Number of protein chains: 2
Amino acid sequence: MDVQRAIQLLQHEGYKVTKPRENMLQYFELEDGYRTAKDFMAFTEGNYESMSFDTVYRNLHLYHYLGILEATELDGEKHFRMNCMSDHHHHFICKDCGGTKKIPICPMDEIEKILTNYEIEGHKLEVYGVCPLCKSA
Amino acid sequence: MDVQRAIQLLQHEGYKVTKPRENMLQYFELEDGYRTAKDFMAFTEGNYESMSFDTVYRNLHLYHYLGILEATELDGEKHFRMNCMSDHHHHFICKDCGGTKKIPICPMDEIEKILTNYEIEGHKLEVYGVCPLCKSA
DNA sequence: TTTACAAATCGGAACCATTCCGATATAATG
DNA sequence: CATTATATCGGAATGGTTCCGATTTGTAAA
């Protein structure tokens with residue numbers, strides 16, 4: 001997912017395309033890993049005119065709802081990153097830099113066989129640790 | 001893990017065995033699923049003499065650190081349950097009642113093969129939904 | 001058993017991420 | 001350009017969690 005496609009999606013769904021929204025999309029397009037609302041706010045200080053936390057959170061939720069961002073929870077803070085969207089996969093997440101690496105394995109097929117009569121609404125598979133780059137630094 | 005074994009562990013590690021700590025252990029032994037600090041506080045109202053949030057959180061962390069409780073994050077609140085400890089497994093978690101069902105599948109062996117050079121510190125595999133009991137209710 | 005002290009508890013204040021709110025500004029439409 | 005629903009803003013409120021100084025309590029030693 002890139003900025004342009006996200007903007008098209010906003011328009012198509014009847015949401016307005018505003019400066020704050022564009023700024024947020026640009027930020028998450030450039031960042032590699034999971035980032036928080038605070039990360040973004042800190043970034044705006046030096047780059048865009050500053051923006052209300054309310055606006056940031058509202059749009060994070062909107063982007064998550066629209067599938068533009070994917071979300072996870074680390075140390076009591078919500079983290080977001082651009083959604084790759086194409087193929088279903090999971091992530092290794094680096095605790096130091098927030099960077100991710102795709103894990104193309106998902107055991108849900110087997111799990112569904114076990115959970116007969118259960119209504120499955122979602123699942124999470126994440127691996128945490130330190131990436132090679134942060135390890136050597 | 002049962003109350004008695006948890007108390008032995010506390011003593012062995014040099015922690016004091018106090019009333020609040022025993023009450024908490026008893027609560028989590030009887031409960032089936034994931035429970036929050038607030039859940040426990042609500043329970044104490046009618047059962048034990050009430051207890052400070054500080055104490056509850058401090059001991060929840062201690063129990064998690066000692067492996068007495070396992071933890072997860074649901075809707076911005078930390079949830080805890082007694083640790084089964086014996087065999088490595090994951091959980092289906094019911095969004096309604098917090099109850100769990102074991103999932104004896106773990107894809108970490110395969111994943112470790114992919115993540116060479118990565119320092120793996122932990123992983124999470126959880127399935128969310130509604131259990132048969134809550135579904136029919 | 002009594003003493004002594006480190007460790008644990010308590011209640012309330014503080015913290016921090018997140019959300020709510022009323023007032024203002026702005027993108028989209030005709 | 002005028003209209004209007006939608007979005008933004010700043011500041012106040014919320015809710016889960018943690019911190020703090022004062023007090024209490026297990027536990028080990030005398």
Side-chain angles (χ1 to χ4, degrees), chain A residues 3-4 6-27 34-45 47-66 68-69 71-81 98, chain B residues 3-4 6-27 34-45 47-66 68-69 71-81 98:
Chain A
V3 171
Q4 201 184 346
I7 287 176
Q8 284 170 5
L9 187 58
L10 280 177
Q11 287 173 327
H12 182 262
E13 297 294 322
Y15 295 98
K16 290 182 182 172
V17 177
T18 65
K19 256 300 167 33
R21 282 181 178 162
E22 284 183 304
N23 292 345
M24 289 179 67
L25 289 173
Q26 277 166 28
Y27 173 76
Y34 277 100
R35 300 287 179 260
T36 66
K38 204 170 32 166
D39 288 336
F40 173 72
M41 290 299 271
F43 178 75
T44 60
E45 303 293 319
N47 293 272
Y48 311 119
E49 53 212 294
S50 75
M51 166 177 332
S52 160
F53 266 105
D54 187 43
T55 303
V56 174
Y57 281 110
R58 194 161 15 78
N59 287 329
L60 286 175
H61 291 160
L62 176 64
Y63 290 162
H64 182 51
Y65 169 72
L66 293 175
I68 294 169
L69 297 180
T72 191
E73 231 279 349
L74 304 169
D75 299 320
E77 261 183 294
K78 270 156 205 150
H79 289 60
F80 299 86
R81 56 160 288 153
Chain B
V3 170
Q4 202 183 347
I7 287 176
Q8 285 170 4
L9 188 57
L10 279 177
Q11 288 173 328
H12 182 263
E13 297 293 322
Y15 295 98
K16 292 180 180 171
V17 178
T18 65
K19 259 291 170 37
R21 279 182 179 162
E22 285 184 302
N23 292 345
M24 288 179 67
L25 288 173
Q26 278 167 28
Y27 172 77
Y34 277 100
R35 299 288 179 261
T36 66
K38 206 171 29 167
D39 288 336
F40 173 73
M41 290 297 273
F43 178 74
T44 61
E45 303 294 318
N47 294 272
Y48 311 119
E49 53 212 297
S50 75
M51 164 177 335
S52 159
F53 266 107
D54 187 44
T55 303
V56 174
Y57 281 112
R58 195 161 14 78
N59 288 329
L60 286 175
H61 291 162
L62 176 63
Y63 289 161
H64 182 51
Y65 170 72
L66 293 175
I68 294 170
L69 296 180
T72 192
E73 230 278 350
L74 302 169
D75 297 321
E77 259 184 295
K78 271 156 202 150
H79 289 60
F80 299 86
R81 55 161 289 154

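Below, each value reflects all heavy atoms present in this structure, side chains not excepted, and no hydrogens, waters or symmetry copies. Note that the structure is predicted; figures quoted are calculated from it, not measured. Lettering follows sequence order; numbering is per chain, from 1.
Classification of the A/H61-A/Y57 ring pair by plane angle, with boundaries at 30° and 60°, yields tilted. Taking the six-membered ring for Trp and thresholds of 30 and 60 degrees, A/F43 and A/Y48 have ring planes more than 60 degrees apart, a perpendicular arrangement.
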Using atom names, set out every protein N or O paired with an N or O of nucleotides 22-28 of chain D below 3.5 Å, distance rounded to 0.1 Å.
residue, atom, partner, partner atom, Å
D/dG26, N3, B/K16, NZ, 3.4
D/dT27, OP1, B/V17, N, 3.2

**OP:** Take B/K78 and B/L60 through the side-chain contact (heavy atoms from CB on, under 4.5 Å) test and state the conclusion after the steps.
**Re:** CA-CA 10 Å; B/K78 271 156 202 150; B/L60 286 175; over 6 Å; no
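Within the 4.5 Å cutoff, the side chain of B/Q11 has no heavy atoms near those of the B/K16 side chain.
Note that CG of B/L9 is 10.0 Å distant from CG of B/L25, once rounded to the nearest 0.5 Å. Note: B/T44 OG1 to B/M51 CE = 6.0 Å, rounded to the nearest 0.5 Å.
Shown here is B/E45, whose CD atom has more than 12 heavy atoms of other residues, nucleotides or ligands within 6.0 Å.
The nearest pair of heavy atoms linking B/R21 to B/Y63 is O-OH, 2.9 Å. When all heavy atoms are compared, the tightest approach of B/Y34 to B/A71 is CE2-C, 4.2 Å.
Contacts between residues 51-60 of chain B and DNA chain D, counted as heavy-atom distances below 4.0 Å, involve B/D54, B/Y57.
Interface limits on DNA chain C: the 5'-most and 3'-most nucleotides within less than 4.0 Å of chain B heavy atoms are C/dA6 to C/dG11.
For B/H61 and D/dT18, the shortest distance from a side-chain N or O to OP1 or OP2 is below 4.0 Å.
In this structure, a donor-acceptor pair under 3.5 Å is present between the side chains of A/D39 and A/T36.
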